[in-house]
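Have a look at the structure below before the remarks.
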Amino acid sequence: MKRAIVLSITMLSVFSSVAFTQDNALLFYLSGDGKGNGFTADYANGQGVPSYLSDYSIISDGAVGNAFSAPHTETKLMSYLAPGNIYGERGTISFFWRARDPLTKMPFKLFYVSFCEHSSLDMTWLRIDYNGENGFNGLVTDLNMGRARASYKPVAPPAPDKWNHIAFSWDENYGVKLYVNGKLVSEDKKKMTLNAGLGLFQPHGRFSTPGTVTSNCGHVRGGDIDEIYIYGKMLSDEEIQRLASGK
């Protein structure tokens with residue numbers, strides 16, 4: 001009888017936790033204002049401390065409070081484990097980004113997420129890029145190497161001293177959406193198989209996979225990033241606008 005009562009309580013606890021997660025949807029939040037040295041996530045459904053950390057610093061003039069600043073070096077790293085912090089089948093990544101220095105034609109990554117195991121060389125599952133003269137781009141890779149991609153070319157390159165809000169969302173039953181400063185600027189509607197095991201994620205840099213974490217080759221470009229939110233669902237336009245306004 002005692003065992004049955006304990007089992008019932010345990011199952012109730014699990015169901016309550018699942019319901020809370022589904023309603024809240026927040027999986028990971030990193031502000032630079034929170035725990036420890038600022039590099040520990042304010043909230044994490046998975047591991048909240050960085051797996052790799054090098055050259056990044058915390059600055060006080062962020063979009064909201066403190067922010068993270070990455071130099072233009074080959075050794076900058078700020079990577080976190082993806083399991084529990086990102087769901088493959090659907091989600092949203094949101095952050096503020098500032099170029100800090102004038103942009104050139106050189107493309108570079110703003111955000112990267114890897115598979116935990118894959119046959120491709122770079123194991124890229126998700127990328128959010130600044131593609132030089134072609135502007136912003138977000139893509140996600142399904143299990144068959146097909147990709148959904150959303151791209152946006154602004155009228156003028158982002159000013160180096162201005163914070164811009166970037167959000168990218170995906171759902172295997174819908175496709176992908178790209179937002180810039182709270183506005184939906186591009187989407188790609190297609191059904192895909194995205195439910196996969198994920199490895200690591202990081203801003204800037206080149207790769208962040210279980211096999212290698214690096215910022216070498218042409219991926220030396222850094223910048224400033226703030227208010228990294230990861231959700232377990234595709235947020236609505238109104239919810240993205242709230243994040244873009246700093247709420």
Side-chain angles (χ1 to χ4, degrees), residues 28-44 48-80 85 92-113 126-132 134-138 152 154 156-168 178-183 185 200-208 213-216 218-230 240 242-247:
F28 183 88
Y29 171 48
L30 180 66
S31 70
D33 303 300
K35 306 173 184 177
N37 60 3
F39 290 97
T40 299
D42 302 66
Y43 174 80
V49 297
S51 295
Y52 300 92
L53 181 61
S54 174
D55 286 5
Y56 269 79
S57 60
I58 294 180
I59 55 177
S60 59
D61 62 331
V64 180
N66 292 337
F68 303 94
S69 185
H72 310 309
T73 67
E74 294 184 357
T75 55
K76 64 178 182 303
L77 296 171
M78 189 173 77
S79 297
Y80 295 82
N85 292 324
T92 300
I93 293 174
S94 162
F95 56 87
F96 287 94
W97 174 76
R98 181 173 62 185
R100 194 179 66 240
D101 297 305
L103 295 167
T104 66
K105 296 181 180 180
M106 174 70 76
F108 57 93
K109 294 181 179 71
L110 298 178
F111 207 91
Y112 174 90
V113 185
L126 178 147
R127 272 197 355 241
I128 303 171
D129 307 325
Y130 182 75
N131 282 336
N134 295 316
F136 297 99
N137 176 77
Y152 168 67
D161 59 345
K162 179 185 177 183
W163 284 100
N164 291 274
H165 183 263
I166 309 296
F168 182 71
L178 176 65
Y179 297 81
V180 177
N181 294 323
K183 180 181 179 181
V185 294
L200 297 96
F201 62 91
Q202 70 177 15
H204 300 111
R206 187 188 183 197
F207 298 142
S208 185
V213 180
T214 176
S215 293
N216 63 1
H219 302 269
V220 298
R221 176 80 198 204
D224 300 332
I225 192 164
D226 193 12
E227 300 296 298
I228 300 174
Y229 283 95
I230 301 175
I240 296 293
R242 289 188 62 191
L243 289 171
S245 66
K247 298 180 181 178

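One is the number of the first residue; the rest follow in order along the sequence.
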Assess the residue pair Ile58 and Phe68 against the criterion (side chain to side chain contact (heavy atoms under 4.5 Å, CB included)); give the C-alpha distance rounded to whole Å, side-chain angles, the decisive distance to 0.1 Å, and a yes or no. CA-CA 5 Å; Ile58 294 180; Phe68 303 94; 4.1 Å; yes

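- With Tyr29 as reference, Tyr229 is the one residue of Tyr43, Tyr229, Tyr80 to meet the ring pair (Phe, Tyr, Trp, His ring centres under 6.0 Å) rule.
- One finds the CG atom of Leu53 at 7.0 Å from the CG atom of Asn37 (value rounded to the nearest 0.5 Å).
- Aromatic pair Phe201/Phe28: centroids less than 6.0 angstrom apart.
- The structure places CD1 of Ile228 at 4.5 Å from CE of Met78, a figure rounded to the nearest 0.5 Å.
- Here the straight-line distance linking atom CG of Leu30 with atom CG of Asp226 works out to 8.5 Å at 0.5 Å rounding.
- Test Asn134, Asn131, Leu178 against Tyr152 for side-chain contact (heavy atoms from CB on, under 4.5 Å) and you get one pass: Leu178.
- For Phe39 and Tyr56, the ring centers sit 6.0 Å or farther from each other.
- The shortest non-hydrogen separation linking Pro102 to Pro160 is N-CB, 3.7 Å.
- With sequence neighbours left out, Ser69 forms a side chain to side chain donor-acceptor pair (under 3.5 Å) with Arg100, Asp224.
- With values rounded to the nearest 0.5 angstrom, Ser94 atom OG is found 12.0 Å from Arg242 atom CZ.
- Pairing each heavy atom of Gln202 with each of Ser79, the nearest pair is OE1-OG, 2.5 Å.
- Taking both residues in full, the closest heavy atoms of Trp97 and Gly223 are given as NE1-CA, 4.3 Å, listed atom of the first, atom of the second, then distance.
- Side chains of Pro158 and Phe136 form a contact here, defined as non-hydrogen atoms less than 4.5 Å apart.
- Between Leu200 and Ser51, the closest side-chain pair of non-hydrogen atoms falls below 4.5 Å.
- Interatomic distance, CD1 of Ile166 versus CG of Leu243, reported as 13.0 Å (0.5 Å rounding).
- Residues His204 and Ala70 come closest through the heavy atom pair ND1-CB, 3.9 Å.
- For the pair Asp33 (side chain) and Asn66 (backbone), a donor-acceptor distance under 3.5 Å is present.
- Closest approach of Gly182 and His165 over heavy atoms only: N-ND1, 4.3 Å.
- The shortest non-hydrogen separation linking Ala67 to Gly62 is CB-CA, 3.5 Å.
- Between atom CZ of residue Phe95 and atom CD of residue Glu227 there is a gap of 12.5 Å, rounded to the nearest 0.5 Å.
- Residues Trp163 and Val64 have side chains not in contact (no heavy-atom distance under 4.5 Å, counting atoms from C-beta outward).
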